[in-house]
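All residue numbers refer to positions in the sequence shown, counting from 1. Hydrogens, waters and symmetry mates are skipped; everything else that's a heavy atom, side chains included, is used. Atoms within each ligand, like the ligands themselves, are counted from 1 in listed order.
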Amino acid sequence: MPETSTDPSVLTSALTTLAAAPRLLVALDFDGTLAPFADDPSQVGALPGSWAAVLTLQRARDTEVVLVSGRPLEGLARVSHAPEGMALVGSHGVEWRVDGHDEAALSDDELARVARVGAALDAVGARFPDVVIEHKPAGHGVHTRRATAEVAAEANRAAHEAAHEADPEVLERGGKDILEFAVRHVTKGDAVDRLRELRGADAVFFAGDDVTDEDAFRVLRDGDVGVKVGEGDTLAGHRVADPAALTDVLKQLARLRATR
Ligand SMILES: O=P(O)(O)OC[C@H]1O[C@H](O[C@H]2O[C@H](CO)[C@@H](O)[C@H](O)[C@H]2O)[C@H](O)[C@@H](O)[C@@H]1O
């Protein structure tokens, strides 16, 4: 693992250089990064200070903000209240809303696999009352936030077996109190690579809190800035404690970018 700085002055210096880039892409994870966690995934929202900074950044010249989330596109649009015109990437890179155009393009075969895995996970969910199965267009999430650690471990074991039996090719990834299964092997790293290319960005800022965000930190280059929110191993160059601390970082970046 590379060294990750928690020194605010090191981050300020990196942000100052970043803010001078001719074209800047600001890619942001949503849950655990802009929005604190809640038991009910539909009852969350970005912290007001972070969102105000996001909107300031979105208005800044030659700057684009994109939300890159594991949430389904529609759900991401709903909880984020993203303004029309803000690009969104959902389902860990499968679903795209860019330039007012939606893209998911799952094949019939992929859709059949999603349905098969979903049915298998519903059967698991029925055995564990505190476990919620979230169905998404390209996969499913097994939510264990309300379950005890023992029940969560048992449910995750059962979900793993059921999903792989239903579809041996299914992609499994862990997250914060969620085990996810997807039929398309794309990651947030693929999304950041594609966004960088699509927008001709000279530099990228990415912030995220979860293991799936490591795919995005992995594709950052010299001059980019990656900020890990919270604890856990990371490839990011910088770390802040929680979403509230990220608010200050986003405000700082917005100020630097708007006044360059
Ligand atoms: O990539 P993200 O934007 O971080 O999305 C990851 C998952 O977020 C949601 O689940 C997480 O947040 C919930 C609300 O706070 C919480 O209850 C759950 O425990 C977390 O795992 C969302 O429901 C998933 O679809 C996303 O994949």
- Item | Basic-acidic side-chain contact under 4.0 Å: Arg199, Asp99 | yes
- Output the set of protein residues with a heavy-atom contact under 4.0 Å to ligand 1, ordered first by chain identifier and then by residue number. Asp29, Phe30, Asp31, Phe37, Ala38, Asp39, Pro41, Val44, Ser69, Gly70, Arg71, His92, Glu134, Lys136, His143, Arg145, Lys176, Asp177, Ile178, Glu180, Lys188
- Donor-acceptor contact below 3.5 Å, side chain Asp213 vs main chain Asp210: yes
- Note on the structure: side-chain hydrogen bond (donor to acceptor under 3.5 Å, both in side chains) test vs His92 passes for just one of Glu180, Lys188, Lys136, namely Glu180
- Task: Decide whether a cation-pi geometry holds between Arg71 and Phe30; the criteria are a distance under 6.0 Å from NZ or CZ to the six-membered ring centre and an angle within 45° of the ring axis.
- Result: no
- Would you say Arg194 and Trp96 make side-chain contact, with heavy atoms under 4.5 Å? yes
- Task: Show your reasoning for whether salt bridge (charged side-chain N to carboxylate O under 4.0 Å, His left out) applies to Arg146 and Asp130.
- Result: CA-CA 6 Å; Arg146 292 179 184 160; Asp130 291 335; over 6 Å; no
